[in-house]
Amino acid sequence: MTKDETMAMLAEVLAGIAPEADLTTVTAKDDLREALDLDSMDFQNLVIGLHERSGLPIPEEDYPRLFTLEGMLAYFAAAKRA
Amino acid sequence: MTTDAATDRPIGGYPRIVKRRDAFRVLPNMADYDDARRGFDWTAARALLDGLPGGGLNIAHEAVDRHAAGLHAGREALRWIGRRGERRSFTWADLRAATNRVANALRGIGLQDGDRVFVLAGRIPELYLTVLGALKAKCVVSPLFSAFGPEPIATRMELGAARALVTTGALYARKVAALRDRLPGLEHVILVGEDGAAAEVPGTQDWSALMAAASEDFAIPPTSPEDMALLHFTSGTTGRPKGAVHVHEAVVMHAMTGRYALDLHPDDVFWCTSDPGWVTGTSYGIIAPLVNGVTNLVAEAEFDAATWYDILEKERVSVWYTAPTAIRMMMKLGAAPLEGRDLSALRFMASVGEPLNPEAVVWSQKAFGMPFHDNWWQTETGGIMIANFAAMDVKPGSMGRPLPGIEAAIVERRDGGLSVIDAPMTSGELALRAGWPSMMRGYLHEEARYAKCFVDGWYLTGDLAMRDEEGYFWFVGRADDVIKTSGHLIGPFEVESALMEHPAVAEAGVIGKPDPTAGEIVKAFVALKPGFEAGEALRRELLGHARKRLGAAVAPKEIDFRQNLPKTRSGKIMRRLLKARELGLPEGDLSTLESDER
């Protein structure tokens with residue numbers, strides 16, 4: 001997945017969980033959970049949403065790789081090559 | 001073994017976990033429950049404490065100065081692990097100096113006995129120093145959860161008459177700056193800068209600068225055991241949050257329960273994962289371990305199994321106090337992430353916040369080689385009241401038995417009085433004989449609500465429970481509509497009020513919907529005013545509206561639309577009925593239903 005595709009997917013999923021969240025305020029290394037005020041349930045729902053949109057299985061041990069935008073972009077970029 | 005007479009199966013469905021006396025690596029502080037209960041008196045419990053040199057009792061003296069003046073001075077009191085693996089460590093001598101600076105700084109800006117100091121921060125060292133330093137200065141500390149949105153923050157600071165707030169630059173900008181006009185009594189805002197940087201924001205003071213200018217010497221002024229120390233807000237079914245008042249004498253309970261319910265020994269490394277924004281994170285995340293002279297480990301990171309297991313292993317945690325939501329998440333991941341880890345230091349595990357389901361107790365016994373010991377208490381009780389103890393058999397699914405000195409019973413309210421239910425495994429309201437040291441002394445400015453909690457010398461908990469023949473207590477449910485999500489109490493009224501502020505909303509009813517991980521999640525039902533159309537766009541707008549005001553911890557996770565909500569004749573929304581229908585349960589008595597759901 002390209003960066004743009006991942007960002008679009010993230011924005012779409014996030015809009016259903018935390019519509020007030022503004023992705024433009026988040027830097028690459030910010031912890032998304034803190035920057036966007038997501039609690040553990042929101043984050044879990046976010047990952048489930050990303051899994052449903054992308055079709056990519058995301059096991060729970062991979063969750064920490066999705067805590068930052070940087071991590072998330074790398075995760076989905078690598079997923080395409082696999 | 002206690003069995004259900006009808007089925008001859010163990011209550012809860014799982015066999016008891018037997019504690020063999022010869023199997024303990026460290027002899028539990030309470031070797032025999034019945035002996036300890038029989039021989040208990042509060043005078044002996046008070047003797048665990050030191051007292052102020054000039055007489056009186058102050059929590060911070062017991063937690064800090066007492067140990068700093070003795071053999072513990074050079075031992076590690078507080079070990080902090082930051083989100084990115086940073087570390088800070090304080091000996092008791094360091095802690096005394098740092099909290100003295102806080103006390104001097106707070107006195108220096110003009111705070112006096114009884115002034116309310118609120119803290120709003122993640123688990124950063126400055127939060128812990130502030131709580132202890134403010135107690136030294138005889139201020140009253142009220143910790144707020146950092147995931148609260150602006151509305152819960154404002155409500156609590158208004159009710160609590162906050163005179164000072166200690167928070168971070170980031171939280172201030174996001175949640176507090178816009179509230180300043182609503183809080184004219186908030187004279188002092190002290191900001192902790194990011195990574196030690198100075199916070200230069202108009203209308204605030206910088207933490208580092210204040211501390212640098214403050215002396216390391218401070219003598220705690222005379223403090224009466226009945227002086228107010230902590231103000232913890234909790235939620236009821238109706239009305240605004242209630243500020244439960246706790247006094248310095250509560251430290252008697254923190255000391256005693258630390259020894260008995262958490263089995264703390266001086267060489268322990270203790271880790272309470274709760275946030276000080278909730279009562280567990282203060283009573284047991286700050287006070288109890290320090291009072292008992294135990295190294296208190298604080299981890300800033302939120303739950304993530306790998307990170308938490310790393311901490312358990314690398315920091316050689318020996319006693320661990322966590323919550324069912326986290327335990328259930330670990331359970332979902334299975335035992336594989338634990339394989340190959342050296343958790344040999346771990347000796348005792350406890351859980352609190354909501355009932356720990358028996359499956360999780362049994363799983364932990366397999367995965368960790370020891371069970372999580374569930375215990376029960378509330379904001380109002382100030383300390384653990386009922387517990388599964390190290391040297392007592394565990395019946396999975398039971399909250400255990402009352403602490404020595406605590407009398408618990410199952411009661412029924414009738415005609416302004418009470419009757420105690422003696423028959424085993426009969427559901428009623430859990431009640432505690434009033435008068436233990438950490439019992440709340442009031443709801444701030446809410447005499448009537450406080451008085452309603454007590455009948456015939458018993459404190460009524462609002463929890464429904466049963467007691468079996470051996471005296472173990474079993475949680476049944478809440479007697480009211482309060483929602484328990486991820487171990488935190490949420491008042492439906494607070495959520496409904498925020499939804500009602502939206503121009504589209506005519507009515508709102510909020511319930512707790514069972515959830516396999518969080519226990520319950522907050523779910524809202526909303527009826528719209530004429531001219532507004534239900535749909536995904538409006539659902540998102542309402543969700544965003546609620547989250548902005550309330551924060552993720554309090555806002556609903558689900559919103560459903562209805563044309564009308566079920567109401568009584570007096571117009572009260574019947575949350576009970578909304579919940580029964582959501583869960584497909586019997587609807588119960590509908591005689592008060594006037595206007596039904598559509």
Side-chain angles (χ1 to χ4, degrees), chain A residues 7-53 56-76 78-79, chain B residues 83-84 122 145-150 168 170-171 173-175 300-308 310 323 325-326 328-330 332-334 336-337 485-486 488 515-522 536-555 557-559:
Chain A
M7 288 302 286
M9 173 175 73
L10 173 62
E12 208 177 309
V13 176
L14 203 56
I17 297 164
E20 80 291 355
D22 181 0
L23 271 174
T24 61
T25 62
V26 182
T27 68
K29 289 185 196 304
D30 280 349
D31 189 320
L32 287 169
R33 297 169 299 170
E34 197 187 4
L36 299 177
D37 192 19
L38 305 177
D39 66 12
S40 58
M41 176 126 318
D42 296 331
F43 188 75
Q44 199 177 317
N45 291 335
L46 176 68
V47 178
I48 291 168
L50 293 173
H51 155 68
E52 283 168 357
R53 296 288 155 111
L56 189 74
I58 309 175
E60 287 190 52
E61 43 291 14
D62 287 353
Y63 285 15
R65 296 165 65 186
L66 307 176
F67 286 164
T68 62
L69 271 186
E70 193 178 62
M72 197 174 278
L73 292 172
Y75 190 83
F76 286 103
Chain B
R83 203 191 302 272
R84 294 180 293 273
F145 189 39
S146 59
F148 279 156
T168 64
L171 286 169
R174 271 168 49 205
K175 302 184 174 186
E300 190 187 17
E302 291 306 322
F303 175 78
D304 157 51
T307 309
W308 278 25
D310 275 352
T325 301
R328 288 192 286 259
M329 291 202 243
M330 290 183 251
K332 263 167 77 184
L333 288 173
T485 181
S486 298
H488 310 141
D515 177 87
T517 304
E520 289 185 320
I521 58 165
V522 177
E536 183 57 17
L538 187 55
R539 191 192 70 80
R540 289 184 179 189
E541 191 180 320
L542 292 177
L543 189 60
H545 163 90
R547 290 176 60 92
K548 264 193 275 184
R549 271 166 184 68
L550 299 169
V554 181
K557 296 292 177 212
E558 290 182 13
I559 299 179

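Computed over heavy atoms, backbone and side chain alike; hydrogens, waters and symmetry mates excluded. By convention in this document, chain letters (A, B, ...) are assigned in the order of the sequence lines, proteins followed by strands, and residues within each chain are numbered from 1.
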Review point. Stepwise, does the side-chain contact (heavy atoms from CB on, under 4.5 Å) test hold for B:Arg174 with A:Asp37?
Key: CA-CA 10 Å; B:Arg174 271 168 49 205; A:Asp37 192 19; 4.2 Å; yes

**Study point:** Audit row: A:Asp31, B:Arg84, salt bridge (Lys or Arg N to Asp or Glu O under 4.0 Å) steps and yes/no
**Key:** CA-CA 11 Å; A:Asp31 189 320; B:Arg84 294 180 293 273; over 6 Å; no

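If you take CD on A:Glu20 and CZ on B:Arg540, they are separated by 12.0 Å, rounding to the nearest 0.5 Å. The structure places OG1 of B:Thr325 at 10.0 Å from CG of A:Asp39, a figure rounded to the nearest 0.5 Å. Rounding to the nearest 0.5 Å gives a distance of 5.0 Å between CD of A:Gln44 and OG1 of B:Thr517.
The two residues B:Gly544 and A:Pro19 have their closest heavy-atom pair at N-CG, 3.7 Å. Of all heavy-atom pairs spanning A:Ile17 and B:Leu543, the tightest one is O-CD2, 3.4 Å.
Interface remark: A:Ala15 contributes backbone and side-chain atoms alike to the contact with chain B (heavy atom separation under 4.5 Å). Heavy-atom distances place both the backbone and the side chain of B:Ala147 under 4.5 Å from chain A.
Residues A:Glu34 and B:Glu302 have side chains not in contact (no heavy-atom distance under 4.5 Å, counting atoms from C-beta outward). Here the side chains of B:Arg547 and A:Asp42 are in contact, with some heavy-atom distance below 4.5 Å.
Chain A forms more heavy-atom pairs under 4.5 Å with one residue of B:Lys548, B:Lys557, B:Met329, B:Lys332 than with any other, namely B:Lys557.
B:Asp304 pairs in a side-chain contact (heavy atoms from CB on, under 4.5 Å) with only one of the listed residues (A:Phe67, A:Phe43, A:Tyr63), which is A:Phe67.
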